[in-house]
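Everything on this sheet refers to the single structure shown next.
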Amino acid sequence: MTATRVLVLNSGSSSLKYQLLDMRDRMRLATGLVERIGERTSRLKHTPLTGGGESRERGGAIADHDAALKAVAAELAQDGLGLDSPELAAIGHRVVHGGKRFTEPTVIDEAVLAEIERLIPVAPLHNPANLTGIRTARSLRPDLPQVAVFDTAFHTTMPESAARYAIDVETADRHRIRRYGFHGTSHAYVSRATAELLGKAPEEVNVIVLHLGNGASASAVRGGRCVETSMGLTPLEGLVMGTRSGDTDPAVIFHLTRVAEMSIEEIDALLNKKSGLIGLCGDNDMREIRRRVDEGDERAQLAFDIYIHRLKKYIGAYYAVLGRVDAVVFTAGVGENAAPVREAAVAGLEQLGLAVDPELNAARGDGARVISPAGARVAVAVVPTDEELEIATQTYALVGGGGD
Ligand SMILES: Nc1ncnc2c1ncn2[C@@H]1O[C@H](COP(=O)(O)OP(=O)(O)O)[C@@H](O)[C@H]1O
Ligand SMILES: CC(=O)OP(=O)(O)O
Ligand SMILES: [Mg+2]
């Protein structure tokens, strides 16, 4: 039997998303999510997509990513899709930080694991969870190729002028301090899909991609290659996010250590977990923020305004970086679903050729779609991201799938 299936694992700091795909026709066989890992109120939602199976949910504490993956394996086995299946060709893992070394999807061995571990200080929320997922998957199927697909890989084409911070070169090089960028799998997939939507080859188009999920980042993609992105050494820089501040004056940190006597760990937690939308208004879900805005809540309005202001600054900056822009594209949870965010982000940018058609923007739709008025100089579009499909495709190609 030819092995044609790929299991994709996307381990977040407190979640595990997964998909099982058959790469012959890129069909999803099962998908699911474990949330609130490490809390007493963990939740696993598993959806088999073949044989008319229904979604199953279970609650109760799931202590860590090891337990989460074992619970997922049990759910898959219940549908006859267990990890012991000879049809499984490989397991693909999203790994958030690959540093400078990993520019391509990579088959995981001990040396690769050691490098992902070494990078934990620059991706403290993500790399530890990624590592646990890999180690557990290897223990469940030691014979199977495990492939790491790095968030940083797509951004390794950034020129030095964009990738370097203006700090002492020797210090920066010694400690590998530079701008790496993240969400690259999404930026790569969405920029390619945008070219397709416009009926052009990726080499022909310049695109600004706005990936707005819990984490959020913007990128400028020239002819299929990333030339600038908003996240930096870590996923903290750039846009306002669900719980992360994005850009601040680095002196905020010195100031807090001096006047508030906060420790570095406390400031790290403040900027990564208690800032952004949640820090500004107590909510990090854009649906809830919009509901509060519609009720006239002033803190929610201020949080929304700060979020949009930052987004607009990045659109303008990346317009200048690219010189010519063919499309501005919104993706991920907020970008795909929140019409008011899209409308506000391009409001007043008519001089740049940017506008949304109110009806197209408000219309619900699952697929990639243009939402700018007919004949607009720059297309504004919504393109759903699919990091899991992209990871599965890269994983399958690397292990020689489709060859026999
Ligand atoms: N209908 C919607 N309207 C506005 N925001 C939404 C909607 N659906 C989801 N979101 C937002 O999407 C966010 C999650 O995005 P997602 O890309 O799934 O995040 P991540 O992969 O980073 O966990 C949620 O925090 C929520 O604010
Ligand atoms: C890198 C990053 O921010 O990822 P996520 O959006 O999944 O938190
Ligand atoms: Mg995401």
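All ligand and atom numbering here is 1-based and tracks the order in the structure.
Comparing Ser15, Gly333, Ser186, Gly12 by heavy-atom distance to atom 10 (N) of ligand 1, the nearest is Gly333. With atom 5 (N) of ligand 1 as the reference point, the heavy atom nearest to it among His183, Met286, Arg290 is part of Met286.
Close N/O approach between Gly213 and ligand 1 is not found [any backbone or side-chain N/O within under 3.5 Å]. Remark: ligand 2 and Asn214 share no N or O pair separated by less than 3.5 Å (distance only, no angle test). Between Arg364 and ligand 1, no N or O atom pair is found at a separation short of 3.5 Å. Inclusion of Ala332 in the set of residues having an N or O under 3.5 Å from an N or O of ligand 1 is not warranted.
The part of Lys17 lying near ligand 1 is the side chain, judged by heavy-atom distances below 4.0 Å. Contacts with ligand 1 closer than 4.0 Å are made by backbone heavy atoms (N, CA, C, O) of Asn284 only, the side chain lying farther away.
At least one heavy atom of Gly215 sits less than 4.0 Å from an atom of ligand 1. Under the 4.0 angstrom criterion for non-hydrogen atoms, Met231 is in contact with ligand 2. The shell of residues lying under 4.0 angstrom from ligand 2, judged by heavy atoms, excludes Lys17. At least one heavy atom of Arg244 lies less than 4.0 angstrom from ligand 2.
Nearest heavy atoms, Ser372 versus Val380: OG-N, 3.0 Å. In terms of heavy-atom proximity, Glu104 sits nearest to Ala153 at N-CB, 4.4 Å.
Aromatic pair His155/Phe182: ring centres not closer than 6.0 Å.
Close approach to Phe182 involves these atoms of ligand 2, each under 4.0 Å from a residue heavy atom: 1 (C).
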Validation: residues 200-208 side-chain donor-acceptor distances under 3.5 Å, sequence neighbours left out:
| unit_1 | atom_1 | unit_2 | atom_2 | d |
| --- | --- | --- | --- | --- |
| Glu204 | OE1 | Ala201 | N | 2.7 |
| Asn206 | OD1 | Gly223 | N | 3.4 |
| Asn206 | ND2 | Arg324 | O | 2.9 |

Check your understanding: Given the rule in the side chain to side chain donor-acceptor pair (under 3.5 Å) test, do Thr4 and Asp22 qualify, once you have shown the distances and angles that lead to the verdict?
Key -> CA-CA 6 Å; Thr4 56; Asp22 191 326; 3.1 Å; yes
